[in-house]
Amino acid sequence: MAQKPSIPKGTRDFSPSELAKRNYIFDTIKKQFELFGFQPIETPSFENSETLLGKYGDEGDRLIFKILNSGDFISKVDDVTYSSKKSSSIAPKITEKALRYDLTVPFARYVVMHQNDLDFPFKRYQIQPVWRADRPQKGRFREFYQCDADIVGANSLLQETELVQLYDTVFSELGLKGTTIKINNRKILSGIAEVIGAKNLLVEFTVALDKLDKIGEEKVKEEMLSKGISEQAIAKASPLFSMKGSAQDQLGQLKTLLSNSEVGLEGLKELNEIITMVDEIGLKTATLQLDVTLARGLNYYTGAIFEVAAPEGVKMGSIGGGGRYDDLTGIFGLKDISGVGISFGLDRIYLVLEELALFPESIDQSLQVLCLNFGEKEGLEALKLVSNLRKHGVKADLYPSAVKVQKQFKYADKRQVPFVILLGDKEMENGQFVIKNMKTGGQTILPLDVDLMDTSIWTF
RNA sequence: GUGGUUGUAGCUCAGUUGGUUAGAGCGCUUGAUUGUGGUUCAAGAGGUCGCCGGUUCGAACCCGGUCUUCCACCCCA
């Protein structure tokens with residue numbers, strides 16, 4: 001019995017037209033990555049569980065897709081564990097592999113494994129799908145692409161500056177004007193936690209603070225209280241809730257707040273340097289904005305933190321994010337290697353470009369010339385023409401069978417082919433062919449030996 | 001993982017307190033038009049009403065479950 005076909009929740013098929021648009025984004029990003037000196041690598045779609053687990057927090061672990069072992073895996077679970085019926089105890093015994101959750105951790109693993117072959121500083125880019133067992137929503141899928149660029153083995157803040165520039169360049173190239181690159185520094189957040197006496201609750205503090213623009217000051221304070229942060233601590237941190245104005249103003253305010261925190265002041269200094277450098281270089285269409293509430297969930301960040309927001313008016317989660325992580329490779333045994341990187345969320349960028357109608361019009365043009373088929377002899381002659389066009393880099397095709405001309409024209413129309421060539425027996429006798437412009441409806445007769453690359457024959 | 005929402009023709013959607021044969025627009029096929037598409041006209045094809053079960057004389061409609069969609073949380077690109 002035929003079953004109704006379906007695909008898993010949170011996954012998608014891509015049509016030729018969708019893929020053309022996706023590839024346009026990929027190509028733009030890739031081009032800039034390479035212009036900025038990054039080299040591509042790829043890693044397997046699945047890793048050993050131990051490589052991934054514990055790197056993204058408890059919440060992250062829950063969202064990792066685990067792969068069931070092969071063979072008779074149940075029989076290898078001891079009776080006590082099995083009868084406990086606890087997924088958390090049984091899972092490690094029946095799954096040893098998991099699907100890639102992001103590109104950063106596999107990259108860290110890659111750097112450690114290949115440390116002797118790499119030339120540091122190593123700049124790599126990676127464009128591959130990742131998988132998360134999340135509940136799908138708008139702009140949230142279970143399978144989606146990340147486009148990452150990271151630099152390892154370079155401590156200079158020039159890297160951060162360059163990455164801001166990279167964001168700006170890519171979004172400008174895509175015609176997406178008015179993006180906001182938010183920047184913060186983990187050390188500032190640590191400093192604040194230290195100053196207010198909530199050093200051991202740093203993660204809780206930042207996670208709550210991160211929600212400020214979404215749920216408001218009151219709710220944030222409530223959440224902090226419920227997480228065990230004292231009233232006095234929250235009161236001390238209160239200048240954060242109303243921090244406004246230019247980057248320099250904010251930096252000034254923070255300087256007062258953090259005057260007793262060494263880490264905090266260091267974070268301020270870093271932030272100031274980056275902002276000054278970006279200022280000096282200038283951005284094309286993006287705005288760099290200091291946002292002290294920007295935290296980001298991943299706790300491996302230690303320095304700068306980035307997040308990119310779509311232009312105002314577009315309802316979409318962040319379309320990119322990144323930051324500096326001083327000790328990511330430390331987990332895998334390689335100390336004192338600093339990394340900094342950014343990520344582009346391909347699928348969300350797609351949705352934003354679609355919403356703002358920013359894809360180039362010609363992107364759907366999969367075929368530039370279609371040659372109609374009038375029979376065996378004529379078809380062969382037409383194929384010669386088509387071959388000649390292809391040789392010159394023109395996307396050309398011959399309709400495969402000599403069906404009714406009307407049907408062939410309809411096909412050309414649907415494929416949005418701008419030019420149609422007619423080569424029937426009449427034309428063959430005279431050594432000519434007819435070329436028709438599908439947009440204007442005009443057509444003209446040309447000799448078969450005309451120079452097809454002479455652009456003047458394509459304008460009528 | 002929590003709470004809600006959605007599913008009817010290829011697509012977008014109607015469908016009366018549960019009652020004969022489930023509709024529209026667009027699209028598709030064919031013809032008007034044996035060498036001219038995008039316009040027009042005519043005809044036609046296409047649906048286990050997401051799936052499983054229950055209530056009922058009778059279910060697209062009511063109830064339960066399940067899958068899917070979208071949304072708010074959690075978290076995140």
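Here the structure is a predicted model, which is why all the values come from computation and not from measurement. Here is the naming used below: chain letters follow the sequence lines, and residue numbers restart at 1 for every chain.
Every ring pair (Phe, Tyr, Trp, His ring centres under 6.0 Å) that Tyr399(A) has, sequence neighbours left out, goes to Tyr411(A).
Taking atom C1' in both rC61(B) and rG15(B), the straight-line distance is 9 Å, to the nearest Å.
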Exercise. In the 5'-to-3' direction, what one-character label does each nucleotide of nucleotides 27-34 of chain B receive under the scheme B = base within less than 4.0 Å of a protein heavy atom, S = sugar-phosphate only, - = no such atom?
Worked result: -S--S-B-

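Looking at the side chain of Lys436(A), the nearest of the listed nucleotides rG37(B), rG35(B), rA77(B) is rG37(B). When distances run from any side-chain atom of Arg62(A) to the nucleotides rG1(B), rU36(B), rC76(B), the shortest one goes to rG1(B).
Because its NZ or CZ atom is not both nearer than 6.0 Å to the ring centre of Tyr301(A) and within 45° of the ring axis, Arg324(A) does not count as a cation-pi partner of that residue. Note that Arg22(A) lies in the cation-pi zone of Phe14(A), set by a 6.0 Å cut-off to the ring centre and a 45° limit from the axis.
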N/O contacts under 3.5 Å, protein versus nucleotides 5-10 of chain B?
none

Shorter than 3.5 Å, N or O on both sides, protein versus nucleotides 69-73 of chain B: list them out with atom names.
unit_1  : atom_1 : unit_2    : atom_2 : d
rU69(B) : OP1    : Gly10(A)  : N      : 3.3
rC71(B) : OP2    : Lys138(A) : N      : 2.0
rA72(B) : OP2    : Gln137(A) : OE1    : 2.9

Protein and nucleotides 40-42 of chain B: nitrogen or oxygen contacts under 3.5 angstrom:
none

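Taking atom CD of Gln146(A) as the reference point, atom C1' of rC76(B) lies 10 Å away to the nearest angstrom.
The base of rG38(B) does not come close enough to the side chain of Asp413(A) for any donor and acceptor atom to sit less than 3.5 Å apart.
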Exercise. Just the dot-bracket of RNA chain B, please: which string comes out with Watson-Crick or G-U pairs under 3.5 Å, [ ] for crossing, | for another strand?
Worked result: ((((..(..((((.....[...)))).(((((.......))))).....(((((..]....))))))..))))....

